[in-house]
Structures are given as structure tokens and as C-alpha cells.
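Here the structure is laid out as C-alpha cells; the discussion comes afterwards.
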Amino acid sequence: MSSISRREILMASAAALLSASATRPALAQEAPPAAPVAPLPTPDPAQTLWYNQPAAQWVEALPVGNGRLGAMVFGGISMERLQLNEDTFYAGGPYDDVNPEAKTNLPQVRELIFQGKYREAEALAGAKLMAKPLKQMPYQTLGDAVLLFQSLDTVHDYHRRLDLDTAVTTTRLVSGGGAWSSTHTREVFASAPDQVIVTRLSANKPGLISANLSLLTPQNATLVADGPDGLLLTGISPSRFGIEGRLKFAVRLKVIASGGTVRAGSDGIVIDHADEAVVLITAATGYRRYDDISADPAALTAATLAQAAAKPYARLLADHVAEHQRLYRRVALDLGTTPAAGLPTDERVRAAAPQDDPALAALYFNYGRYLLISSSRPGGQPANLQGIWNEQVDPPWESKWTININTEMNYWPAELVDLGECVQPLVGMLKDLSETGARAARDMYGAGGWMAHHNTDVWRVVGPPDGPKWGLWPMGGAWLCRHLWDHYDYGRDKAFLADIYPILKGASQFFLNTLMVLPGSDWLVTNPSLSPENVHPLGTSLCAGPAMDRQILRDLFAIAVKAGEILGKDADFRAKVAAARERLPPDRIGGAGQLQEWLEDWDMQAPEIHHRHVSHLYAVYPSDQITRRDTPDLIKAARKTLEIRGDDATGWGLGWRLNLWARLGDGDHAHAILKLLLGPDRTYPNLFDAHPPFQIDGNFGGTAGMVEMLVQSIGDDIELLPALPRAWGHGSLRGVRVRGQGRLDLVWKDGTLAQAALRNAGAQPQRWQVRLGEDVVAVTVPAGGEKRVALKNGRLALA
């Protein structure tokens, strides 16, 4: 449900309309001349979301974003609603959530787990170890900009769309008939260069733009006129879970009209008979960083709006499109089209399961890239559980960062689709977590280094939230370190590696201090921990040394050692880390032939045998510890695990399964998972992923999975078409990145490679092993150069 109901919006808008109607001049008796209307381009089925009706609910609205500001555009007829977000606007204020009782009670919890007294361990952990408060702060909506339009007669020929290539939403409709008909066009975009949300209202006849505008919010806020043509909304964040709301925010709105009149009052703005109107909206909070909220949002928004208002609309649009396309046009996917591609987007989603629509898959792929560009840009916050789009004050799971899969999945496609810049906010969050996580390591675990559990918010708290069954998992920070390494490995920038090396080292140090010897063995294990978020047969999730922990630690320790070697640092420390890595228990195959989720062979007795999480398959994807070539027995066990778990899952669960089946090399099964993901049970009409409810991670997991079906890059190995489904007989993928500063173009026909071009963006020659099935060819590409491979006499060779 919306935090502001449609009834409340309509009542407020209607009141504003009535107050303005008494002073509105009468319409001219003769129909004004009509200007020609430029036709909208025919929708590209792989680049355009489009509909024949306005959004009736939030998950039908269209998202725009510039990384920091977001809006959901409903495309209403007599009323347009722009639901607004700013990426730092969370409830509460700076706080620390580590339980002061945790450190003294931790040894007893560990001992109970080693004794197999899991329920007793959970009870004690719940009473003494969990975060205070138990819940973290929820991401907030700023509210809504509401535009109520006047003088619209019978409306027909309605159309709304989101063009992914320009990142502009357009609503177009015709009002009236005959000589009195008029065409109205409304365009909305979120500009990264100018940090404003821009709405342009126009018509094909002069004097037809008449509307009331206001800002509505569920927050504790005050609305005032900001000059003769603007509004200023100021307020403070709400309190939640005992943490006082202390974060100031401001939203400014300004109308720039051609012709007619504009007047602002304390409850809104009236536009009367303008030829055209441009509405600029910006917002800011007092957030500087997790422990500093001293910024002045009123001053920030005033400066931003003044600079944007000095530009004509054409320049705002051109600068926005150029910046968006700088990122968006790096990659292109073509899977062909079928007649289904001619349907509106909502109808394509409803038809996705029974009907083949490869262009819908390409649209979903492009939408994932669009969403990442729109929700994660340098200088801002990482994409959270809903990206940057949230209409509620108490959203599901607080719409923060869940770092036992969901945040990581958000960034799975980033390096692959050449959006490395979009990872910068995640790097920034990890730097913050290495600070707050060092306090948690010390105060909860008595350890050095740093750590994070399974959630964090904008205040970068890292204590174990929610309850022992979910929160008492110490691996969140360690898993996120994998993204730091991936960012390095795709670009091979030693300066970046040197910058993030202390984070890798600190995460490793924590586990050197906290890993425990498994009784009766020489193995080192985590304790307490759990396999997210699954309950084992003994009535809880708490355990020691689950498979996922061991797999994440193998990655963390390996990249810490390799980073130190590349940088020539910390030989003694590297030796300790390498020795600890050798003492991690290996992956195990259970009695059913499955990859075990726990040290014990509990899988087939677990209460949720079809659980949405597949945590113990981390080693298959996103890691590469288990592969078809190098570990055939373990890959067979992983396949058995996936078969037991089943195909159907939540939206993000399908995203993970898609990548796993691609790593298994089963293209048709991966495609079947993709069709489930694109169907109406897991994709909303606006293509948002349905957990349900909305979580953006499924969108990003789907985008990454489609790349994995076509190209897999592990180390300096590149595998072409590893999981090409029969449904994608012809196609191309251009511009994707491979590890080692490489970019790849790929074309296939009749299910067979036609040609691949490999480019080296680095300053040194780079050697890759390129694979197609059982064929392997070594390709050395000079700095700045390109080499091509193709089939010759049925074998892979240099072209």
C-alpha cells in the first residue's frame, strides 16, 4: 500500500483546484491553431517500456533516477503523480547498535553450538548477542509531487513509455475532438549533470497548459511558497525503533513557464494557460557521512535549483541524454524478435510464460543496466533493496542493504556490462563499514580487523539484527570484499588495489582472530554462524562452519594473499592467511549426492528442502571454486542440489538459479529459469522484480545471468556461448567486459559462433585463453588492439 493514499492525493489536489478556479480566465471561443505534433518513434521492443493506460499502482509506474534522486512516474491523465526519493533519506540518525552484553556471552553461545545444543544457543544469543535496537532504520519516501490538470475533455489515443536509451518517460494523449482536439505531451527525466528531476508539459496549441502543483508528504514537514513560482518542503526524518529522527531534508520545486501566468501559495502553485511549462525538482538531506549530518539541505537545494533553472530545457535534456548514453550505449544485446514484441510491455509480461519473446529478455537485460545507472552513481549511496525507489515510510525489510545475497546480487552485472563506475558507491560503503565494523569486531568479538553481519543501513551499523536465525551471520563484509576484487580484476588498476587493500586485510584479520578449531579435528570454522536464511533439522539455523562461510573465506583469504603479492606487502601476514585457508574444511558431498549445506549431512532432513537461498552454491556462482572443468564431482553434486531445491523461487532466488544453471553449462534449463523470472508471478508490469513484493536484486541477477549464458570470464579464461539455449539461435552481444581489461563482441548464427572480437583496453599486451566447447585457443592482444576468433573447419581459431 502507498504511504499516501490516492484518496488523500485527490482530496488535496481537488482542494487546490477549487481554490484556483475562481480566478481562472475564460477559454477563448475559437479553437487556437494547432502546431504539428512530432510523432513518437516506433517503440523498440528491446529498448522501450510502453503502455496504453496510466499506472494504477506503484509497480506499474515508470522509474527515473540519477543515482541520487529518484521518481516513479505514473502517467496519469487528469492527475500526474511523481513519487520522490533521495538516496540518503533514512529514518533516525547516527547510532551504534552493538549489544554491550554480547562479548561476555559469546563464549557460552559458541560452546553450546559445539555441544550440539543449538536451541539453547539460539535462546542465549537472542537474549544477549543481538543488536540494540533489533531492527535497523528504514529507507524513506520524500512524498509526492502532484500535478492536477485542468480543461481536459474526453481523452483518447493515450500512450506512455520509458525510453531506456534516452532515460526519458513520455506520456502523450489527445483531448477532445475535431477542431477542438489537442495533443498533450509530458516528459520526465532525472538529470545526473544538473541533479534535478525535470518535467516538461507541452501541447500542440498555445495556452493549454493549466495545472495545480503541490508537494505532499507523510513526513513531519512544512510546505511554503518559494518565491512567485516555487515551493519549498522542509522537514526531518522519522524516529524508528527507539532511534530519534534527526536527519533534515528539503525538497524544492520551481516552475518555468512560457506564456500564461504562474503563482505560488502556501499550498501549491497554479499554472494558468501557459504555452509550455518546465517543472524542476531537487532534494537533499543533511547527510554528509554515516556520522555527520551537518549539511544544510535548504542551501544545497537552493544552489542546485538556481544552476539548473539557468539552463533552457533543450540544454537540460541534451546534457542528461549525453551523460546517460555515455554509460548506457557501451553494451548491446540482440536476441531477435517475434510477433509478441509488438505488444505493450504489460501484455508481453503476461504472455511471457506460454509464448517465446526473445526481445523481452533483451528488454529485461537493458532495463537492468538502466536501473543500475539510475540507482548507483559515483558520490551517492549503493543501490539498496529497492534501488532508490520506495513509496513507503515502513517498506519491506526496511529497503536497506541486505548483505547475505541481495546487495551483492545488485552488483553482479556491473563489471560485466561495463558499468564499473556504478560500483563506486559500494566501494564507499565498504570503506565506511570497515570503520564501524572495526568497532563491532572489537566490542562484540574481542577481535582485530573488521566485520559486518547480514544487514546495514545508511548509518552503517553492523550488529546482528532481526533475530539469531537471520542476523547472527558474520560473513556480510567478507562477501562484499569479493566485489572489491572483481572491480580490480576487470580493470587491473594497482592504484585502486592499493586503496582497498586495507579493507581486504582487515576483513581477513577478523577471521584469523575468530575462527575456532572444530572439536575432534584440525579444521578452522566460524562459530556462531548459519547458512542464510535456512533452518537445519535441529530447530534453528545456528551452527558452526556452514559451507557458504568456508567458501567465502576461501575467496577472501585467496584475494587478500594475491593482493598483497601484487602490491609487495605483508609477507608474514600473507603466510598466516594462506595457512588458515588450508585449514578450512573442504566442500562435502552428502548421501543424496548433493553438495552439503552444512558440515553435517542434514540437507535432506531440513524443513525447507526447496528453500529460496542456495547459499552453499556460492562456490559455483558468484565464485569459481567449483567448475565443470576442474571439479567434475563437485559440479555434479551442485547440480543435484539445484535439482533438489527446485526451479521455482522468489524473484531474486530465480536470478541466482539462472546464473548457477549458466555456470553448469545448461542453456535450456537456464532459459527455462529466465522465462519463470520474466513471467507475471515474478515480474511486475513495469518490469520490476517481484520477490514478491518488489526487490530490485532479481532485475540485476537476471541481467548478469544472461551474460553468463553467453560469456563466462574466469581469471584469464574466456568461454564463449557456454550456456546458449536453443531458443536463442541467432544473436549478438557487444561491448561486455572480461577480466584483464578486455572487452568482447560476440555474434552467433544457427546456434554456432560466427565471430568474436576481443579488445585490450590496457596499456600492456594481454593474453587470454578463449574456449568454445572443447576447443581452446591462446589469444594475445596488444595494448589498445583487437584480435578476432572464429570457426575454421569447425574448430576455434584466430580469424
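By the side chain to side chain donor-acceptor pair (under 3.5 Å) test, Ser182 pairs with His184, sequence neighbours left out. Applying the side chain to side chain donor-acceptor pair (under 3.5 Å) criterion to Asn390, with sequence neighbours excluded, gives no partner residue. Scanning for side chain to side chain donor-acceptor pair (under 3.5 Å) contacts around Glu80 gives an empty result, with sequence neighbours left out. Residues passing the ring-ring contact (aromatic ring centres under 6.0 Å, His included) test with Trp58, sequence neighbours excluded: Phe688, Phe694. Every ring-ring contact (aromatic ring centres under 6.0 Å, His included) that His487 has, sequence neighbours left out, goes to Phe496. Scored by the side chain to side chain donor-acceptor pair (under 3.5 Å) test, Arg172 finds Thr185 as partners (sequence neighbours excluded). For Arg369, the salt bridge (charged side-chain N to carboxylate O under 4.0 Å, His left out) criterion is met by no residue, not counting sequence neighbours. For Phe249, the ring-ring contact (aromatic ring centres under 6.0 Å, His included) criterion is met by Phe89, not counting sequence neighbours. Here Asp165 pairs with Arg329 under the salt bridge (charged side-chain N to carboxylate O under 4.0 Å, His left out) rule; sequence neighbours left out.
A salt bridge links Asp291 to Arg289: at least one charged side-chain nitrogen sits closer than 4.0 Å to a carboxylate oxygen. Look at Lys254 and Asp226 and you find no salt bridge, because none of the NZ, NE, NH1 or NH2 atoms lies under 4.0 Å from a carboxylate O. Remark: Asp394 engages Arg240 in a salt bridge, criterion side-chain N to carboxylate O under 4.0 Å. In summary, Asp457 and Lys400 do not engage in a salt bridge, as defined by a charged side-chain N under 4.0 Å from a carboxylate O. Under 4.0 Å is where a charged nitrogen must lie from a carboxylate oxygen, and between Arg263 and Asp272 at least one such pair does.
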Inset, instruction - Take Asp346 and Gln53 through the side-chain hydrogen bond (donor to acceptor under 3.5 Å, both in side chains) test and state the conclusion after the steps. - result: CA-CA 10 Å; Asp346 51 340; Gln53 68 286 326; 3.0 Å; yes

Legend entry - Arg81 and Asp144: CA distance, side-chain angles, deciding distance, salt bridge (charged side-chain N to carboxylate O under 4.0 Å, His left out) verdict: CA-CA 6 Å; Arg81 175 188 175 197; Asp144 298 278; 2.5 Å; yes

Legend entry - Evaluation steps, salt bridge (charged side-chain N to carboxylate O under 4.0 Å, His left out), between Asp163 and Arg161: CA-CA 6 Å; Asp163 184 331; Arg161 66 169 58 184; 5.5 Å; no

Legend entry - Working for side chain to side chain contact (heavy atoms under 4.5 Å, CB included), residues Asp275 and Ile209: CA-CA 6 Å; Asp275 301 331; Ile209 305 303; over 6 Å; no

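Atoms CH2 and CG, on Trp389 and Asn85 in that order, are 9.5 Å from each other to the nearest 0.5 Å. Here Ser374 contributes atom OG and Tyr367 contributes atom OH; the two are 9.0 Å apart, rounded to the nearest 0.5 Å. Between the CG atom in Asn686 and the CG atom in Leu62 there is a gap of 6.5 Å [rounded to 0.5 Å]. Remark: Leu49 CG to Leu687 CG distance equals 4.5 Å, nearest 0.5 Å.
Side-chain atoms of Tyr411 and Ser376 include a donor-acceptor pair closer than 3.5 Å. Side chains of Asn66 and Ser191: no donor on one and acceptor on the other come within 3.5 Å. Under the 3.5 Å distance criterion, with hydrogens and angles disregarded, a donor-acceptor pair is assigned to the side chains of Tyr90 and Asn384. A donor-acceptor pair shorter than 3.5 Å can be found between the side chains of Arg288 and Ser294.
Between Ser237 and Gln140 the shortest side-chain heavy-atom distance does not fall below 4.5 Å. For the pair Thr166 and Phe189, the minimum side-chain heavy-atom distance is 4.5 Å or more. In this structure, Ile293 and Lys248 have side chains that are not in contact, with every pair of non-hydrogen atoms separated by 4.5 Å or more.
No donor-acceptor pair under 3.5 Å is formed between the side chain of Ser399 and the backbone N or O of Pro395. Checked by atom type and distance alone, the side chain of Gln47 never pairs as donor or acceptor with a backbone atom of Leu164 at under 3.5 Å. Using a distance-only test at 3.5 Å, with no hydrogens or angles considered, a donor-acceptor pair links the side chain of Lys205 to the main chain of Ser181. Judged purely by atom type and a 3.5 angstrom limit, Gln219 uses its side chain to pair as donor or acceptor with the backbone of Thr141. With hydrogens and angles disregarded, no donor-acceptor distance shorter than 3.5 Å links the side chain of Arg68 to the backbone of Gly379. Looking at Asn212, its side chain never comes within 3.5 Å of a backbone N or O of Val270 through a donor-acceptor pair. Remark: side-chain polar atoms of Asn366 are paired, donor with acceptor, to backbone N or O of Ala46 under 3.5 angstrom. Side chain of Ser202 to main chain of Glu276: no donor-acceptor pair is present (N/O by atom type, distance under 3.5 Å, no hydrogens or angles). Proximity of a side-chain donor or acceptor of Asp157 to a complementary backbone N or O of Val174 within less than 3.5 Å is not detected. Looking at Trp652, its side chain never comes within 3.5 Å of a backbone N or O of Phe700 through a donor-acceptor pair.
Of all heavy-atom pairs spanning Gly701 and Trp412, the tightest one is CA-CE3, 4.4 Å. The minimum heavy-atom distance between Gly702 and Leu677, with the atom names listed, is CA-CD2, 3.8 Å. Here the closest non-hydrogen pair linking Pro54 and Tyr158 is CA-OH, 3.3 Å.
For the pair Arg160 and Phe74, the NZ or CZ position fails the cation-pi test of under 6.0 Å to the six-membered ring centre and within 45 degrees of the ring normal.
Applying the salt bridge (Lys or Arg N to Asp or Glu O under 4.0 Å) test to pairs two or more places apart or on separate chains, those with a residue in residues 420-431 are Arg326-Glu421, Arg330-Glu421, Lys431-Asp499. Among residue pairs with one or both ends in residues 200-227, none qualify as ring pair (Phe, Tyr, Trp, His ring centres under 6.0 Å); sequence neighbours excluded.
Residue Asp194 forms a side chain to side chain contact (heavy atoms under 4.5 Å, CB included) with just one option from Glu323, Arg315, His320, Lys311, and that option is Lys311.
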Less than 3.5 Å apart, which donor and acceptor atoms pair up between the side chains of residues 280-287 and the rest of the protein, not counting sequence neighbours?
from: Thr282; atom 1: OG1; to: Gln195; atom 2: O; distance (Å): 2.9
from: Thr285; atom 1: OG1; to: Thr88; atom 2: OG1; distance (Å): 2.7
from: Thr285; atom 1: OG1; to: Tyr287; atom 2: N; distance (Å): 3.1
from: Tyr287; atom 1: OH; to: Tyr290; atom 2: N; distance (Å): 3.2
from: Tyr287; atom 1: OH; to: Val458; atom 2: O; distance (Å): 2.8

